[in-house]
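A quick write-up on the structure given underneath.
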Amino acid sequence: MDVYSQIISLAKRRGIFHPSYEIYGGEAGFYDYGPLGALLRHNVQNLWRNFYVLGEQCLEISTPVIAPYEVLKASGHVDKFLDVVVTCRKCRSAFKAEELSEEQLQALECPSCRGPLEKGRMNLMFETEIGAVNRREAFLRPETAQGIFVNFPLLYQYARRKLPFGVVQVGRGFRNEVSPRQGLYRLREFSMAEAEIFFDPEDKTHPRFGEVAGDQVNVIPAGGEELRSSVGRLMEEGIINNQALAYYLALTQRFLLAAGIDPAKLRFRQHQREEMAHYARDCWDAEIHTALGWIECVGIADRTAYDLTAHMQATGADMTAFRAYGEPVKEKRRRIVPDMAKLGPAFKDRAKDIVEQLERMEPPPEESALQVTLEGERVMLDPEFFEVVEEEVTVTGKNVIPHVIEPSYGIDRIIYSILEHNYVEAEKEGERYVSLRLPPSIAPVTAGVFPLVSKDGLPQVALDLDRHLRERGIMTFYDEAGSIGRRYARMDEIGTPFCVTVDHTTLEDDTVTVRFRDTTEQVRVPRHRLAAWIDENIRPQ
RNA sequence: GCGGGCGUGAUCUAGCGGUUAGGAUUUGAGCCUUCCAAGCUCACUGCCCGGGUUCGAAUCCCGGCGCCCGCACCA
């Protein structure tokens with residue numbers, strides 16, 4: 001059996017993940033996480049939070065999965081988040097538009113039977129409705145990002161009106177894929193962790209870039225060959241467009257390596273212009289090599305001001321940030337000042353309309369008549385009704401729509417990759433022996449706790465110890481069934497890094513053995529020190 | 001969606017028109033057991049769903065659902 005099948009089989013057998021609704025025949029594109037999988041995913045997401053919320057000081061929020069029509073209309077998803085599907089009316093073959101050549105599309109002729117082709121589009125969003133009586137159209141969100149963008153004004157305020165700042169959300173996204181496949185790779189409901197970092201559009205530098213500049217990464221620039229270099233160098237050579245993108249490339253690599261991804265099987269590929277999502281100007285994917293080939297697990301996109309501008313236009317909400325100049329600047333300004341004493345008597349109730357129009361106009365270079373529109377009629381307004389004044393104002397800064405750098409992580413794909421990269425098969429007395437060499441911090445169970453034999457009072461001591469560890473926040477698994485070797489094997493297969501055994505020596509000197517998953521080595525640790533010892537050994541070295 | 005392959009206990013599989021669907025692993029109970037899947041006894045769990053052909057279907061045919069491979073795409 002190939003690695004992929006081994007993992008799928010192991011995942012199902014040991015409660016990591018399996019297809020949803022199986023007793024009803026299954027539903028493609030949906031997967032359940034079992035007891036161990038839920039723990040594993042929790043740990044992976046927590047590790048991610050360690051990077052983004054603790055490390056980067058991003059603000060974590062949580063917004064609804066259901067979004068009203070207008071939100072996703074404004075964001076462009078209603079119109080652009082489509083797959084163009086071409087079907088033949090005669091032989092009923094269906095193609096994605098990208099598969100066909102220009103000529104075939106022009107001719108609208110089926111490549112297999114020459115029948116007439118029909119162009120159709122399919123939106124990838126799940127539709128739903130809000131309300132019982134007045135049903136309003138809505139969608140399940142295709143990304144968590146929009147929930148962050150629509151909250152920008154409040155978040156900007158919360159971040160004390162300073163750029164850059166980041167906001168993250170960990171949650172579910174939904175895409176009604178045409179053809180879900182390959183287990184956790186393409187799901188219709190999936191877990192994502194997204195960060196939206198708001199930068200001044202003219203300053204995409206990162207204050208801590210220096211810390212990562214030396215990190216070596218594998219990259220494939222658009223239209224170029226794969227190469228390995230430091231992110232600092234890639235920046236200097238212009239291969240990566242700005243520091244912010246480069247920084248998050250490096251940070252993403254650090255996160256993935258901490259999660260147990262094999263560095264040799266990780267690369268960053270820049271999107272070609274035509275494969276970019278509708279909202280992105282530049283995008284780098286972190287791709288991980290697995291039995292399924294290179295799979296995209298993280299997208300790091302420069303969304304520019306696209307989303308904030310869209311929501312600002314749709315709602316009129318202020319999505320700008322204030323950029324203070326170093327020194328206040330004195331600016332000369334010319335302004336039209338209406339003369340109300342004359343406008344009022346002359347135009348009566350239409351005077352207000354004229355004033356509003358004048359406010360939006362460019363001041364004329366000299367005293368001359370201005371054209372206004374009154375009830376659909378063009379009227380020339382003599383210079384006597386207004387004055388053009390020149391004034392000096394002090395400008396302390398200006399309002400800009402921030403640019404967004406978005407690292408977006410597909411948690412399920414990453415979890416599959418972690419399992420595959422840490423799956424180790426060995427021979428043990430002619431039998432296949434499986435270990436998952438997960439980093440201790442993400443392993444679903446941290447410590448197995450066993451009595452060496454189930455007599456002589458050892459189980460009671462071990463049970464007490466198990467309880468003690470759990471009270472200290474350590475996920476344990478107590479087991480007294482079968483030989484000690486079998487119990488170690490059970491723990492190795494689910495990636496438990498440490499096994500603690502209570503033996504007869506424990507009764508004499510109050511120490512226990514701790515056995516390491518990857519080396520099977522053992523050390524004796526005083527029982528009262530054990531929780532602290534485990535905490536210290538969980539940390540990545 | 002298209003083409004090809006495949007659906008048998010939790011997992012891996014035998015069975016290819018004819019008794020009560022067999023094995024291995026796992027799991028549970030018990031015996032045994034002083035550190036790496038030891039042994040023994042017992043036990044639980046299965047032919048993806050629906051229709052058809054047939055005296056008789058896990059097996060042949062049709063449809064659905066699911067999985068895998070290829071074509072292709074946003075995490």
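Each chain gets a letter, A, B and so on, in the order the sequences are listed, and its residues count up from 1. In this text the structure is predicted, and so the values were computed from the model without any measurement.
- Look at the P atom in both B/C35 and B/G30: the space between them is 23 Å, to the nearest Å.
- Annotation: B/U54 and B/C67 have their P atoms spaced 34 Å apart (nearest Å).
- One atom, CD of A/Glu406, and another, P of B/C74, lie 14 Å apart when rounded to the nearest Å.
- As the counterpart of B/G17, no nucleotide is assigned, since no Watson-Crick or G-U wobble pattern has both distances under 3.5 Å.
- A distance of about 47 Å separates the C1' atoms of B/A29 and B/A75, rounded to the whole Å.
- Looking at A/Val65, A/Leu72, A/Asn176 one by one, the single match for side-chain contact (heavy atoms from CB on, under 4.5 Å) with A/Phe139 turns out to be A/Leu72.
- Nucleotides B/U8 and B/C12 have their C1' atoms positioned 11 Å apart, rounded to a whole Å.
- Following rounding to the nearest Å, A/Gln6 (CD) and B/U11 (P) show an atom-to-atom distance of 14 Å.
- Look at B/C71: its Watson-Crick or wobble partner, with both distances under 3.5 angstrom, is B/G1.
- Residue-to-nucleotide proximity on RNA chain B shows that, of A/Gly410 and A/His504, the 5′-proximal contact is made by A/His504.
- In this structure, A/Tyr248 places its OH atom 18 Å from C1' of B/A75, rounding to the nearest Å.
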Detail all sub-3.5 Å separations between protein N/O atoms and N/O atoms belonging to nucleotides 42-47 of chain B.
none

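- Across all strands shown, B/A37 forms no Watson-Crick or G-U wobble pair with both distances under 3.5 Å.
- The distance from atom CD of A/Glu275 to atom P of B/A75 is 9 Å, rounded to the nearest whole Å.
- Of the charged side-chain nitrogens involved, at least one lies within less than 4.0 Å of a carboxylate oxygen, so that A/Arg437 and A/Asp518 count as a salt-bridged pair.
- Comparing B/G15 with B/A58, their C1' atoms are spaced 8 Å from each other, to the whole Å.
- With 3.5 Å as the limit, one finds no donor-acceptor pair spanning the side chains of A/Thr520 and A/Tyr488.
- Of the two residues contacting RNA chain B, namely A/Arg175 and A/Lys12, the nearest-nucleotide position lying further toward the 5' end is that of A/Lys12.
- B/G66 is paired with B/C6 under the criterion used here, namely a Watson-Crick or G-U wobble arrangement in which both key atom distances are under 3.5 Å.
- A/Asp285 and A/His271 form a side-chain donor-acceptor contact under 3.5 Å, judged by distance and modelled atom types alone.
- Nucleic acid contact class of A/Asp456 (heavy atoms, under 4.0 Å, all strands): none.
- We find that CZ of A/Phe190 is positioned 9 Å from P of B/A75, with the value rounded to whole Å.
- In this structure, A/Arg13 reaches the sugar-phosphate backbone alone: every heavy-atom distance under 4.0 Å involves primed, P, OP1 or OP2 atoms, never a base.
- A donor atom on one side chain and an acceptor atom on the other are found under 3.5 Å apart for A/Glu425 and A/Tyr423.
- When heavy atoms are screened at a 4.0 angstrom cut-off, A/Ser454 is found touching base atoms of the nucleic acid.
- Rounded to the nearest Å, the gap between the P atom of B/U20 and that of B/U11 is 27 Å.
- When Watson-Crick and G-U wobble pairs are counted only if both distances are under 3.5 Å, B/A58 pairs with no nucleotide at all.
- Among the protein residues, A/Thr513 comes within range of the nucleic acid bases, having at least one heavy atom under 4.0 Å from a base atom.
- Note: A/Tyr416 and A/Tyr4 have tilted aromatic rings, judged against thresholds of 30 and 60 degrees for the angle between ring planes.
- Ring geometry for A/Trp533 against A/Phe498 counts as perpendicular: the plane angle is over 60°, on a 0 to 90° scale with 30° as the lower cut.
- Here B/C74 presents its P atom at 18 Å from CG of A/Asp412, a figure rounded to the nearest Å.
- Atom name C1', nucleotides B/G9 and B/G28: the rounded distance is 15 Å, in whole Å.
- Partners of A/His311 by side chain to side chain contact (heavy atoms under 4.5 Å, CB included), not counting sequence neighbours, listed by chain and number: A/Val71, A/Ala74, A/Ser75, A/Gln146, A/Phe149, A/Val150, A/Met319.
- Nucleotide B/C74 holds its P atom 19 Å from the CD1 atom of A/Ile411, rounded to whole Å.
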Q. Going 5' to 3' along nucleotides 62-70 of chain B, which nucleotides have protein heavy atoms under 4.0 Å from the base (write B), which only from the sugar-phosphate (write S), and which from neither (write -)?
A. ---SSSSBB

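- Checked against side chain to side chain contact (heavy atoms under 4.5 Å, CB included), A/Ala531 has the following partners two or more places apart in sequence or in another chain: A/His468, A/Leu469, A/Arg472, A/Ile474.
- A/Lys204 is linked by a side-chain hydrogen bond (donor to acceptor under 3.5 Å, both in side chains) to A/Asp302, A/His403, counting only residues two or more places apart in sequence or in another chain.
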Between the protein and nucleotides 36-39 of chain B, which nitrogen or oxygen pairs are less than 3.5 angstrom apart?
unit_1, atom_1, unit_2, atom_2, d
B/C36, O2', A/Lys428, NZ, 3.2
B/C36, O2, A/Arg515, NH2, 2.9
B/C36, N3, A/Arg515, NE, 2.9
B/C36, N3, A/Arg515, NH2, 3.3
B/C36, N4, A/Arg515, NE, 3.4
B/C36, N4, A/Thr520, O, 2.5
B/C36, N4, A/Gln522, NE2, 3.4
B/A37, O3', A/Arg486, NH1, 3.1
B/A37, O2', A/Glu431, OE1, 3.3
B/A38, OP1, A/Arg486, NH1, 3.3
B/A38, OP2, A/Ser483, OG, 2.4

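- For the C1' atoms, the distance from B/U41 to B/G46 is 24 Å, rounded to whole Å.
- Nucleotide B/C42 forms a Watson-Crick or G-U wobble pair with B/G28, both donor-acceptor distances falling under 3.5 Å.
- Ring-plane geometry between A/His77 and A/His278 is classed as perpendicular, the angle between the planes exceeding 60 degrees on a 0 to 90 degree scale with a lower cut at 30.
- Residues A/Ser191 and A/Arg41 have side chains that bring a donor and an acceptor to within less than 3.5 angstrom of each other.
- Between the CD1 atom in A/Ile288 and the CD1 atom in A/Ile414 there is a gap of 6.0 Å [rounded to 0.5 Å].
- Counted by atom type alone, A/Gln460 and A/Asp464 present one or more donor-acceptor pairs between their side chains at under 3.5 Å.
- We find that CG of A/Asp2 is positioned 11 Å from P of B/C12, with the value rounded to whole Å.
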